[in-house]
Amino acid sequence: MITRRSVVAAGLSAPLVIQGTARAQAPSRSETLLLVQEYGPNSLDMQGIGASQPVNGVALNCYDRLLRFKPVPIPGGGGNTIAMGELEGELAESWQLASDGMSCTFKLRDATFHSGRKVTAKDVKWSLDRAVSIGGFATTQMNAGSLEKPEQFVVVDDKTFRVDFIRKDKMTLPNLAVTIPFIFDSELAIKNGGDDPWAKEYLKNNIAGSGAYKVESWKPGVETIYVRNDAWTCGKLPQLRRIIARDIASPSTRRALMERGDADVSYGLPPKDFKDLLDAGKVNVVGVPIPNGVWGCYLNTQVGPFKDVRLRQAVAWVMPYEKILQASLFGRGVDMSGGTTPKVAWPQPFPYKTDTAKAKALVDAAGGPFSTTLYFDAGNATVAEPMAVLMKEALATIGITVEINKVPGANFRTEIAKKTNPMVLNRFAGWLDYPDYYLFWTMHGNNSIFNIAAYQNPALDKLVDAARFAPDKASYDANVIDFIKLVNNEVPMVPINQPTHDVAMQKSIGGYQFQPCREPDFRYLTKG
């Protein structure tokens with residue numbers, strides 16, 4: 001039941017109140033979900049330059065891809081997560097790898113865009129051509145799965161589409177299941193694109209998809225309202241007919257709305273709030289250790305004091321791992337210290353643990369005390385600031401004086417792209433859960449924006465590339481073990497912990513589905 005209190009508490013008029021004759025057609029309360037979040041999408045096009053993290057949720061729910069990750073149960077219960085090797089068709093009714101392993105042919109379902117047009121292979125080609133050509137994050141993400149040029153995408157007939165492979169790459173098919181390679185209504189986009197062949201401005205402000213939900217209303221900084229696409233054929237029709245995703249900057253307000261039962265779901269609360277909600281037991285909290293995700297301290301290997309590997313190792317030895325886990329994440333994560341034998345996995349604990357004497361000896365051997373600066377994204381200050389303070393205190397005990405610099409969230413990527421900052425605290429999580437994928441982004445000589453340490457090592461590049469394209473499991477495992485040993489010694493980044501992705505839900509909410517993009521998947525949610 002919607003009450004005046006629930007409307008006022010959220011600070012906005014309730015879009016659920018339908019006037020006049022429309023009331024009978026309005027979704028019932030059991031078919032409507034209220035999500036409260038810190039901030040919403042700044043665009044409706046995740047392939048566009050500058051799209052914010054929540055735009056992934058728009059792509060996930062309003063567009064279809066050829067493939068999706070098959071739901072698998074979360075080991076601790078509470079819903080489902082995904083496994084990299086388990087895929088199922090979304091727009092693809094079936095798919096077949098060629099006998100030589102160098103192409104894959106997809107048969108398309110009978111699916112319809114929100115405009116009423118049938119989805120064709122021509123739309124799939126235009127969409128994937130766009131993804132590899134538009135530049136920025138979208139094109140880099142496609143390249144990570146060896147999807148690099150339009151010539152790879154071939155229309156066989158209206159319902160048959162083929163991807164030709166440049167090389168055999170285990171990441172190609174999983175990469176088709178992440179949020180970036182979604183399929184547009186190409187005729188609608190081209191018609192409204194003007195002189196822009198990729199209709200960037202139009203698609204930034206309009207949906208041209210076939211997904212399970214449509215955007216009914218988008219007010220940046222206020223709320224996004226989704227309504228179910230009743231013509232969706234790419235999966236089981238969602239139970240929820242309407243989603244209200246409301247932007248509320250204050251975490252205490254979001255927590256209060258959950259505690260009072262005035263909101264159904266909340267993402268992005270501080271770890272302490274999730275812990276308190278879990279302990280109180282009034283709402284459900286589901287947590288998934290973020291696959292391929294690490295909070296790490298990146299140490300610049302090209303400029304400044306940390307060019308000296310001894311000083312990078314000193315930081316790894318003095319890091320107060322357990323204190324950080326408790327003070328910043330309130331235990332909602334996995335400690336990355338004290339590893340023993342390297343494993344074929346990422347993340348995994350490094351062989352370092354807190355040992356001040358060992359760290360001090362390395363600093364003395366490298367020339368003694370010095371001063372430096374530690375940067376972090378102010379948008380992550382709830383977690384990053386207590387981490388930074390503890391790191392500053394610990395480093396002071398070995399003669400390293402640290403100044404903390406909080407970079408406004410809007411400027412953080414520009415700042416790290418400079419690759420001149422001596423120490424940067426950052427959380428990075430790769431969508432494809434492979435060790436070589438993580439290092440491809442963060443330590444490889446291609447020097448992506450996420451290689452914050454500006455680490456350049458041809459030996460590492462050779463091992464990572466060999467793992468990416470390994471012909472068999474034995475050679476893959478050997479390459480992974482070798483590059484783990486190398487980064488253990490070189491320490492371009494000190495892994496601190498693997499954070500947990502938490503979501504708070506009223507006990508009436510079921511069907512939680514974790515996705516690599518870490519945005520809510522409304523398609524599976526239910527409300528009792």
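Every heavy atom of this structure was used, including side-chain atoms; hydrogens, water molecules and symmetry mates were not.
Here W346 and Y434 keep their ring centres 6.0 angstrom or further from each other. With ring centers used as reference points, F428 lies under 6.0 Å from Y438. Ring centroids of W431 and W441 are separated by 6.0 Å or more, keeping the two rings apart.
A245 and Q37 get closest at one heavy-atom pair: CB-NE2, 3.8 Å. Closest of all the heavy-atom pairs between T224 and V215 is CG2-CG1, 4.3 Å. Contact record, Q47 with S127: NE2-O, 4.1 Å, taken as the closest heavy-atom pair.
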Begin with the C-alpha distance, continue with both residues' side-chain angles, and end with the deciding distance and a verdict on side-chain contact (heavy atoms from CB on, under 4.5 Å) for I244 and L35.
CA-CA 6 Å; I244 302 157; L35 164 75; over 6 Å; no
Does the pair V286 and F514 meet the rule for a side-chain contact (heavy atoms from CB on, under 4.5 Å), with working shown?
CA-CA 10 Å; V286 179; F514 173 84; over 6 Å; no
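Every residue meeting the salt bridge (charged side-chain N to carboxylate O under 4.0 Å, His left out) condition with D129, not counting sequence neighbours, appears here in chain and number order: K125. K419 meets the salt bridge (charged side-chain N to carboxylate O under 4.0 Å, His left out) test with no other residue; sequence neighbours excluded. Listed by chain and number, the residues in a side chain to side chain contact (heavy atoms under 4.5 Å, CB included) with R413 are I449, F450 (sequence neighbours excluded).
For the pair E216 and R228, the salt-bridge criterion is not met [side-chain N within less than 4.0 Å of a carboxylate O]. Between D100 and K168, no side-chain nitrogen of the basic residue sits less than 4.0 Å from a carboxylate oxygen of the acidic one, so the salt-bridge criterion is not met. Salt-bridge formation is not detected for the pair K527/E31: no Lys NZ or Arg NE/NH1/NH2 atom is positioned less than 4.0 Å from an Asp or Glu carboxylate oxygen. Under the 4.0 Å criterion applied to side-chain N and carboxylate O atoms, D45 and K204 are not assigned as salt-bridge partners. The pair E90-R65 meets the salt-bridge criterion, since a charged nitrogen lies less than 4.0 angstrom from a carboxylate oxygen. With salt bridges taken as basic N to acidic carboxylate O contacts below 4.0 Å, one links R332 and D502.
Side-chain N or O atoms of R254 include one that pairs as donor or acceptor with a backbone N or O of G268 at under 3.5 Å.
In this structure, the separation between OG1 on T420 and CD on E415 is 6.5 Å, given to the nearest 0.5 Å.
Shown here is K485, whose NZ atom has no more than 12 heavy atoms of other residues, nucleotides or ligands within 6.0 Å.
The closest side-chain heavy-atom distance from C104 to L173 is below 4.5 Å. Using a 4.5 Å heavy-atom cutoff, the side chains of S146 and F165 are not in contact. Side-chain atoms of P520 and V503, non-hydrogen and from C-beta on, never get closer than 4.5 Å to each other.
No option in D436, D169, D461 other than D169 meets the salt bridge (charged side-chain N to carboxylate O under 4.0 Å, His left out) test with R468. Results of the ring-ring contact (aromatic ring centres under 6.0 Å, His included) test with Y63 over F182, W232, F113 single out F182 as the only residue that passes. Just one residue in the list Y512, Y267, F274 forms a ring-ring contact (aromatic ring centres under 6.0 Å, His included) with H501, and that residue is Y267.
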